[in-house]
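Following: one structure in structure tokens, then a few remarks.
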Amino acid sequence: MSETDMKLVVVGAAGRMGQTLIRTIHGMAGVRLHAAVGRPGSPFIGRDAGDLAGLGPIGVPVTDKPLEAFLDAEGVLDFTSPASSVEFAGLAAQARIVHVVGSTGWSADEEAKILAAARHARIVKSGNMSLGVNLLGVLAEKAARALPAAGWDIEILEMHHKHKVDAPSGTALLLGEAAAKGRGIELAAHSVRVRDGHTGARPEGAIGFATLRGGSVIGEHSVMLAGEGETVTLSHSATDRSIFARGAVAAALWGRGQKPGFYSMLDVLGLN
Ligand SMILES: NC(=O)C1=CN([C@@H]2O[C@H](COP(=O)(O)OP(=O)(O)OC[C@H]3O[C@@H](n4cnc5c(N)ncnc54)[C@H](OP(=O)(O)O)[C@@H]3O)[C@@H](O)[C@H]2O)C=CC1
Ligand SMILES: O=C(O)C1=N[C@H](C(=O)O)C[C@H](O)C1
């Protein structure tokens, strides 16, 4: 451990990503687990965060007092839910620390609230923190720009584990936004998120989404550009949640030197 290590808080410490973040921080140079936060009333409050994450004791008990945990920290890694992330954004702004937000499933109202919080805080938010998916987004944008809407239909397919509560995934929406940018259109005005029954023919220029859920799948995404007689498919497979955790830690380290504002992983990775 060094004096210059960035002091990080993990909120949602008992969750799938919370535990992965605790293990990742423990194994990385330049960062240190300052605190771990669970939901008030959770049976994990008071337990050692290392024990929870399968590391053995590390001397950091899970707390249900986020503001206390943030006050002497430098960054918070937040993979919880949009409603919780909006609350944590206010506390992170009070504590003047970097807020890395991985939660997905945002309503328009929640998006507006977190955007407003970034007037006073350094927020890095992305539906996917991995390098591979963010590169896939850049490739999807390029492909959508190169292959015209008249003749090339864009469909986004995703599969996740059976516990996932939101659809389409944050990543699918990120890829949809990238494709819409390449086409020079608004995603909201062109996306088709559900098909059932007699749908009629596919509207030209639509960006379609299809969602699969099952088992323990960590995250599968494909962007298909379907033309007459040929299909281009761009894909990403996540086989380990540590790709998201490493990206989140990189975002916190990058955010340390930034002004208040709303940033994405494209800014962190220099892909913007
Ligand atoms: N951007 C990215 O790269 C990635 C994003 N995600 C997203 O991250 C989120 C979490 O995913 P995952 O870890 O699988 O989900 P889990 O349900 O396993 O974990 C979420 C955890 O957050 C806790 N939590 C929620 N609200 C609070 C709060 N106010 N205070 C303290 N703890 C809280 C939950 O507690 P409780 O169970 O008591 O509610 C739970 O332990 C999802 O939105 C998912 O889509 C996931 C992977 C990568
Ligand atoms: O819930 C998950 O697990 C994941 N969520 C993110 C999403 O909604 O895209 C990222 C990753 O695919 C895993």
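Remember, predicted model here, so these are calculated numbers, not experimental data. The residues of the chain are indexed from 1 along the displayed sequence. The figures that follow rest on heavy atoms only: side chains count, while hydrogens, waters and symmetry mates do not. One-based numbering, in listed order, for ligands and for the atoms of each.
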Between [X] (side chain) and [Y] (backbone), is there a donor-acceptor pair under 3.5 Å?
{"X": "S242", "Y": "A245", "result": "no"}
{"X": "S84", "Y": "T80", "result": "no"}
{"X": "E141", "Y": "A179", "result": "no"}

Quiz prompt | Any L174 heavy atom less than 4.0 Å from ligand 2 | solution =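 It does not; every heavy atom stays at 4.0 Å or beyond.
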[atom]: nearest protein contact (heavy atom, Å):
{"atom": "atom 5 (C) of ligand 1", "result": "G102 O, 3.0 Å"}
{"atom": "atom 20 (C) of ligand 1", "result": "F79 O, 3.8 Å"}
{"atom": "atom 24 (N) of ligand 1", "result": "T80 CG2, 3.8 Å"}
{"atom": "atom 7 (C) of ligand 2", "result": "G170 N, 3.4 Å"}
{"atom": "atom 3 (O) of ligand 1", "result": "M129 N, 2.9 Å"}
{"atom": "atom 22 (O) of ligand 1", "result": "G12 CA, 3.4 Å"}
{"atom": "atom 27 (C) of ligand 1", "result": "S84 OG, 3.5 Å"}
{"atom": "atom 19 (O) of ligand 1", "result": "G15 CA, 3.3 Å"}
{"atom": "atom 45 (O) of ligand 1", "result": "T104 OG1, 2.5 Å"}

Quiz prompt | Joint hydrophobic cluster, M265 plus F79, side-chain heavy atoms closer than 4.5 Å | solution =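 Yes: a chain of side-chain contacts under 4.5 Å links M265 to F79.
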Quiz item: Do W254 and L269 sit in the same hydrophobic cluster, where Ile, Leu, Val, Met, Phe, Trp and Tyr count as joined when their side-chain heavy atoms come under 4.5 Å apart?
Solution: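 Yes, it is one cluster - the side chains of W254 and L269 are joined through contacts under 4.5 Å.
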Donor + acceptor pair across side chains of [X], [Y] (<3.5 Å):
{"X": "H221", "Y": "S235", "answer": "no"}
{"X": "R195", "Y": "T199", "answer": "no"}
{"X": "E110", "Y": "S107", "answer": "yes"}
{"X": "N128", "Y": "S130", "answer": "yes"}

Less than 4.0 angstrom from a charged side-chain N to a carboxylate O is my criterion; do [X] and [Y] meet it?
{"X": "K164", "Y": "D166", "value": "yes"}
{"X": "E74", "Y": "R96", "value": "no"}
{"X": "D153", "Y": "R202", "value": "yes"}
{"X": "E111", "Y": "K125", "value": "yes"}

Quiz item: Of all the atoms in ligand 2, which lie at a distance below 4.0 Å from a heavy atom belonging to G127?
Solution: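 Close to G127: 6 (C), 7 (C), 9 (O), 10 (C).
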Practice problem: Enumerate the atoms of ligand 2 whose separation from the nearest heavy atom of S169 is less than 4.0 angstrom. | Solution: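 Under 4.0 Å from S169, ligand 2 has these atoms: 7 (C), 8 (O), 9 (O).
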Quiz item: Do other residues, nucleotides or ligands put more than 12 heavy atoms under 6.0 Å from Q258 CD?
Solution: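 Check passes, neighbour count above 12.
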Check [X] against ligand 2 and report side chain, backbone, both or neither, counting heavy atoms closer than 4.0 Å.
{"X": "H160", "result": "side chain"}
{"X": "T171", "result": "both"}
{"X": "I218", "result": "backbone"}

Only heavy atoms count here, so choose which of [options] is nearest to [atom].
{"atom": "atom 8 (O) of ligand 2", "options": "R241, E220, H221, K164", "value": "K164"}
{"atom": "atom 36 (P) of ligand 1", "options": "R241, R39, M265, H163", "value": "R39"}
{"atom": "atom 3 (O) of ligand 2", "options": "E158, M17, M159, H161", "value": "H161"}

Contact check, [X] vs ligand 1, heavy-atom distance below 4.0 Å:
{"X": "G38", "result": "yes"}
{"X": "K164", "result": "yes"}
{"X": "N128", "result": "yes"}

Are any of the N or O atoms of [X] closer than 3.5 Å to those of ligand 1?
{"X": "S103", "value": "no"}
{"X": "M17", "value": "yes"}
{"X": "F88", "value": "no"}
{"X": "H161", "value": "no"}
{"X": "P40", "value": "no"}
{"X": "R16", "value": "yes"}

Practice problem: Check S126 against ligand 1 and report side chain, backbone, both or neither, counting heavy atoms closer than 4.0 Å. | Solution: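 The answer is the backbone.
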Practice problem: Quick one: closest heavy-atom pair of T63 and A69, and the distance? | Solution: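 Nearest heavy atoms, T63 then A69: CG2-CB, 4.3 Å.
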Self-check item: Interatomic distance, K65 atom NZ to F70 atom CZ [nearest 0.5 angstrom]
Solution: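 K65 atom NZ to F70 atom CZ measures 13.5 Å (nearest 0.5 Å).
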Quiz item: Can an N or O of G219 be found at a distance shorter than 3.5 Å from an N or O of ligand 2?
Solution: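 By distance alone, the answer is no.
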